[in-house]
Amino acid sequence: MTLGGITCFALLSTVFALPVSIIPLSKQYVPVVRQNRTVMYKTAYFGTIFVGLPNMQEFTVVFDTGSGHLLVPSSHCDSDTCKQHRQFDRAISQSAIDIDHDGQKVDPEDDQRDQVEIAFGTGEVVGDFVYDSVCLNDHSVESLHDDPDVEPGTSVTDANDDCIKVRVILARQMTHEPFHHFSFDGVLGLGLESLAVDPAFSFLGQYSRLNPHSPQIFGVYLSKSDDVPSEISFGGHDERRTADPLQWVAVNQPELGYWQVRIKSITVGDEPFSLCDDGDCVGIVDTGTSLMGVPKQSVNALNRELARQVDDATDDLDCRDFPGPDLVFHFEDFSITLGADDYSR
């Protein structure tokens with residue numbers, strides 16, 4: 001679901017007058033075809049990061065609040081899926097340290113080194129690990145001041161506010177679905193630490209520990225118009241993208257690792273929807289998906305509430321342009337309203 005607005009996520013409330021790093025997001029539409037007809041599009045938003053020093057390697061990644069690891073394709077992956085993307089070349093990164101999942105150094109040629117399997121919806125990735133420098137901007141011309149032999153989790157890159165050191169998964173296997181259809185190279189997980197194999201894999205956790213003087217806030221802006229680029233910001237939010245003052249809701253059960261929030265109630269066209277009648281309703285804010293997820297037992301009922309009868313409909317009808325009831329999520333102190341153009345195919 002695409003909303004013209006900004007969502008901010010905060011780990012700490014400390015505020016400093018430091019620059020905000022803003023990364024423009026490219027947008028890709030992947031058609032979903034049924035019976036030779038495109039019925040909808042999966043939508044992906046992705047931006048650029050840089051890995052390794054002194055010659056930084058550029059990758060496009062989805063900034064995914066629903067996952068906990070940074071992964072990019074490895075040059076050791078020879079499948080067609082990997083080869084259509086940029087691949088990390090370990091040989092040209094002087095800052096990389098080959099490690100097992102617990103951070104212990106290993107021989108890069110060791111066939112018995114640790115690997116991990118990560119599931120992503122309809123697909124999965126298998127990879128091994130390096131500990132390396134990751135920056136939100138290109139610092140290829142700068143030298144690495146940190147000693148590459150330091151233990152993982154104890155240093156920061158070059159005192160650049162947009163750089164950290166973090167454990168990275170290098171994918172040696174990537175399934176055809178869904179990675180073959182998307183243009184982005186990898187995934188940068190922005191879930192909380194407990195969603196990762198180890199806290200040192202958490203980009204946000206490392207950002208917080210190794211860059212303590214930068215505000216622990218990031219914001220995501222999804223533009224309604226393709227003429228205006230979407231963006232993600234680190235160290236604060238882009239005030240140009242807000243129409244109203246920011247409002248906050250506490251993370252529910254952060255130990256689970258998700259940006260999970262408690263929902264007081266849901267209304268459809270001003271009528272209560274039964275999903276949250278028991279008062280124990282939660283939702284996950286997931287930047288890695290383009291659809292609104294609904295519990296299986298409730299999806300048919302919600303579809304009925306949102307469906308509209310269209311007389312004299314044509315084959316090229318776009319339901320986003322046809323009036324429908326508002327879908328409203330009520331939180332403790334504010335509400336979020338989705339119109340028909342937000343939730344319709």
Would you say [X] and [Y] are hydrophobically clustered, going by side-chain heavy atoms of ILVMFWY under 4.5 Å?
X	Y	answer
V299	I263	yes
L195	F203	no
F218	I284	no
F63	V251	yes
L70	V220	yes

Polar side chain donor-acceptor pair, D162 to Y207, under 3.5 angstrom
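Result is no, nothing qualifies.
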Please check if any side-chain donor atom of H101 sits under 3.5 Å from a side-chain acceptor atom of D128, or the reverse.
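There is no such pair (donor and acceptor under 3.5 Å, judged by atom type) between the side chains of H101 and D128.
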Roughly how far apart are [X] [atom1] and [Y] [atom2], rounded to 0.5 Å?
X	Y	atom1	atom2	value
Q84	D185	CD	CG	9.5 Å
F179	T81	CZ	OG1	9.0 Å
D286	S67	CG	OG	8.0 Å
L317	D312	CG	CG	11.0 Å
R209	K165	CZ	NZ	15.0 Å
S26	Y45	OG	OH	11.5 Å

Other residues, nucleotides, ligands: >12 heavy atoms within 6.0 Å of [X] [atom1]:
X	atom1	result
Y258	OH	no
R308	CZ	yes
D321	CG	yes
F322	CZ	yes

For K83 and D78, what are the C-alpha separation, side-chain angles and deciding distance, and is it a salt bridge (Lys or Arg N to Asp or Glu O under 4.0 Å)?
CA-CA 6 Å; K83 288 182 176 179; D78 57 6; 5.9 Å; no
Taking [X] for its side chain and [Y] for its backbone only, find out whether a donor-acceptor pair lies under 3.5 Å.
X	Y	value
D100	D102	no
T60	G47	no
Q28	S183	yes
Q94	L53	no

Verify side-chain contact (heavy atoms from CB on, under 4.5 Å) between L25 and F46, making sure each step is shown before the conclusion.
CA-CA 5 Å; L25 298 179; F46 49 90; 5.8 Å; no
Does a side-chain N-to-carboxylate-O contact under 4.0 Å join R262 and D280?
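Between D280 and R262 there is a salt bridge, with a charged N closer than 4.0 Å to a carboxylate O.
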State plainly whether the residues D132 and R90 are in salt-bridge range, i.e. N to O under 4.0 Å.
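Salt bridge flag = no for R90 with D132.
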Pairs under 3.5 angstrom only: tabulate donor-acceptor contacts from the side chains of residues 266-277 to other protein residues two or more places apart or in another chain.
residue : atom : partner : partner atom : Å
T267    : OG1  : H330    : NE2          : 3.0

Is it the case that R241 places NZ or CZ above or below the six-membered ring of Y221, under 6.0 angstrom from the centre and within 45 degrees of the axis?
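So R241 does make the cation-pi contact.
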Under the 6.0 Å and 45° cation-pi test, does R167 pair with F201?
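Positive - R167 is close enough to the ring of F201 and near enough to its axis.
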Partners of C319 by disulfide (SG to SG under 2.5 Å), sequence neighbours excluded?
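Partners of C319 by the disulfide (SG to SG under 2.5 Å) criterion come out as none, since no residue qualifies.
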